[in-house]
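Here the structure is laid out as structure tokens; the discussion comes afterwards.
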Amino acid sequence: MHLVDTTMFYAPEGGGVQRYLTAKHHWLRKHTSVRHTILAPGGVNSCADNGIITLKSSSLLLTNGYRFPLRLAPWRKRLMKLTPDLIEVGDSFGPAWAALDAGQKMGIPVAGFYHSDVIRLVGTRFGATVEKAAARYVRHLYKNFDLVIAPSCYVAEKLQAIGVESVIRQPLGVDAELFHPKRSDPQLRRKLGLREDTRLLIFAGRFAPEKNIPVLLSAFRRLGKRYHLLLVGGGMHLNVPSNVTVYGYQRSERELARLIASCDALVHAGRQETFGLVVLEAMASALPVIGVAEGGVAELVGKRSGILVSSVSGNAFAEGIETLYNYGPELLGRRAREKVEKSYSWNQVMRSLLALYQERLLFSWGANISNDAYAYR
């Protein structure tokens, strides 16, 4: 079986989609005989031996290296040359239409994974009228896929509400051995110039408007020097208070795992997360999470593994952080780790995804796929 993933959300400083595809690529190679190819935009045309192919595309300003293909014909042609048995699309833009066209011409199924809440993102930035137009666009696009996958119930319900039927929830996962409390570095506070009893929290991700970073900065201004925030990522210039340290984007997952595991908790003020992969990485590291009581983050955290605040404000987050320490971060962190081990390891998630492909796509299309492709090693 040859599975091709295609998306424009694959860049040197990419976010959750890139981490999902990278983990998927490594897992399939290690545990199955499925041939897996990633087709993504790049600065040049390339065809690496590791199964990651890039097509030269235009750079998008202020997007941490993301690129956008202006012409769909080369994308469609490359997909057809790969002769896949199944295509999964990880964005709502040009590559999606090229994949649908290629799938139709080759007579193979195409799945659409709705990773990013385009509708809400557009509405937040451009207003209600544009949001309605975005909803019509998303409905038109996703009704063409043979299978629509959502990473959370929150996203599945949103798609169903605009008329996209038969949406299947398939959560993402985490490398629970890499993101593990044993990665904790007891010297991190000293390296940051902090007292050993400083309450250290972390946020990791793009510094994009929808992440509401200013809310976290406001919260830490209120909390004072007993609390310290480590911001890991990039994307915009930030004027931070003295109890906030900014680290650049961490390309090494091992280094990111070390930083996360060395803190007491993760804070996340985003309201538009379709899933929240960094939340899962923190939970795997035995960190509780303070987040907003809506969207994908709320589904992951629940009441037993963190604190969910009702409003996106500095006051609400400051109170939520103080409440966390009153409850005890260690207990909530252990529960978070237990939840990940039970439901979100990549082994569980990838086996579930392959079963979904087989049952909902390949079987119904009558694809002649050998069972050997699913023989786990």
For Gln348, side-chain hydrogen bond (donor to acceptor under 3.5 Å, both in side chains) partners two or more places apart: Ser345
Basic-acidic side-chain contact under 4.0 Å: Arg304, Glu338: no
Hydrophobic cluster identity match, Ile168 and Val155, side-chain contacts under 4.5 Å: yes
Those residues that, when tested against Lys182, pass side-chain contact (heavy atoms from CB on, under 4.5 Å) (two or more places apart): Glu177, His180
Min side-chain heavy-atom separation Val340-Phe179 under 4.5 Å: no
Ile260 and Arg183, any side-chain heavy atoms less than 4.5 Å apart: no
Heavy-atom side-chain contact between Thr32 and Met1 under 4.5 Å: no
side-chain contact (heavy atoms from CB on, under 4.5 Å) evaluation trace for Val349 with Trp346: CA-CA 5 Å; Val349 168; Trp346 279 126; 3.9 Å; yes
Side chain proximity check, Leu300 to Tyr344, heavy atoms < 4.5 angstrom: yes
Atom pairs and distances, donor-acceptor, side-chain atoms in residues 280-294, under 3.5 Å, two or more places apart:
{"from": "Glu281", "atom 1": "OE1", "to": "Arg19", "atom 2": "NH2", "distance (Å)": "3.1"}
{"from": "Glu281", "atom 1": "OE2", "to": "Arg19", "atom 2": "NE", "distance (Å)": "2.9"}
{"from": "Glu281", "atom 1": "OE2", "to": "Arg19", "atom 2": "NH2", "distance (Å)": "3.3"}
{"from": "Ser285", "atom 1": "OG", "to": "Glu281", "atom 2": "O", "distance (Å)": "2.9"}
{"from": "Glu294", "atom 1": "OE1", "to": "Arg120", "atom 2": "NH1", "distance (Å)": "3.3"}
{"from": "Glu294", "atom 1": "OE1", "to": "Arg120", "atom 2": "NH2", "distance (Å)": "3.0"}
{"from": "Glu294", "atom 1": "OE2", "to": "Arg271", "atom 2": "NE", "distance (Å)": "3.1"}
{"from": "Glu294", "atom 1": "OE2", "to": "Arg271", "atom 2": "NH2", "distance (Å)": "3.3"}

Tyr154 and Asp117: CA distance, side-chain angles, deciding distance, side-chain contact (heavy atoms from CB on, under 4.5 Å) verdict: CA-CA 10 Å; Tyr154 159 74; Asp117 191 354; 3.3 Å; yes
Arg226 CZ to Leu200 CG distance, which is reported to the nearest 0.5 Å: 13.5 Å
Test: Glu196 and Arg190 ion pair at under 4.0 Å: no
Tyr137: side-chain hydrogen bond (donor to acceptor under 3.5 Å, both in side chains) partners, not counting sequence neighbours: Trp97
Side chain to side chain, Leu147 and Pro109, heavy atoms closer than 4.5 Å: no
Beyond-backbone contact of Val279 with Glu273, side-chain heavy atoms, under 4.5 angstrom: no
Test side-chain contact (heavy atoms from CB on, under 4.5 Å) applied to Leu28 and Met350, step by step: CA-CA 8 Å; Leu28 289 172; Met350 289 303 170; 5.6 Å; no
Path from Ile162 to Leu121 over hydrophobic side-chain contacts below 4.5 Å: no
Single-linkage hydrophobic cluster Leu217~Val312, side-chain heavy atoms < 4.5 angstrom: yes
Summary of side-chain hydrogen bond (donor to acceptor under 3.5 Å, both in side chains) pairs that have at least one residue in residues 234-247, sequence neighbours excluded: His228-Thr245
pair Asp91-His115: side-chain heavy atoms closer than 4.5 Å: no
Pair Thr83-His2, side-chain donor/acceptor within less than 3.5 Å: no
Side-chain ion pair, Glu341 and Arg337, N-O less than 4.0 Å: yes
Ionic contact status for Arg206 with Glu210, cut-off 4.0 Å: yes
Side chain to side chain, Tyr114 and Ile119, heavy atoms closer than 4.5 Å: yes
Distance, nearest 0.5 Å, that separates CD1 of Ile38 from NE2 of His25: 5.5 Å
CZ/Arg169: more than 12 non-hydrogen atoms of other groups inside 6.0 Å: yes
Any side-chain donor near an acceptor of the partner, Gln272 and Thr124, under 3.5 Å: yes
Lys191 atom NZ, neighbour heavy-atom count above 12 within 6.0 Å: yes
Check against salt bridge (charged side-chain N to carboxylate O under 4.0 Å, His left out), Glu165 and Lys143: CA-CA 8 Å; Glu165 301 175 354; Lys143 289 181 80 171; over 6 Å; no
Non-neighbouring partners of Tyr325 that pass side-chain contact (heavy atoms from CB on, under 4.5 Å), sequence neighbours left out: Arg199, Leu201, Tyr227, Asp264, Ile321, Pro329
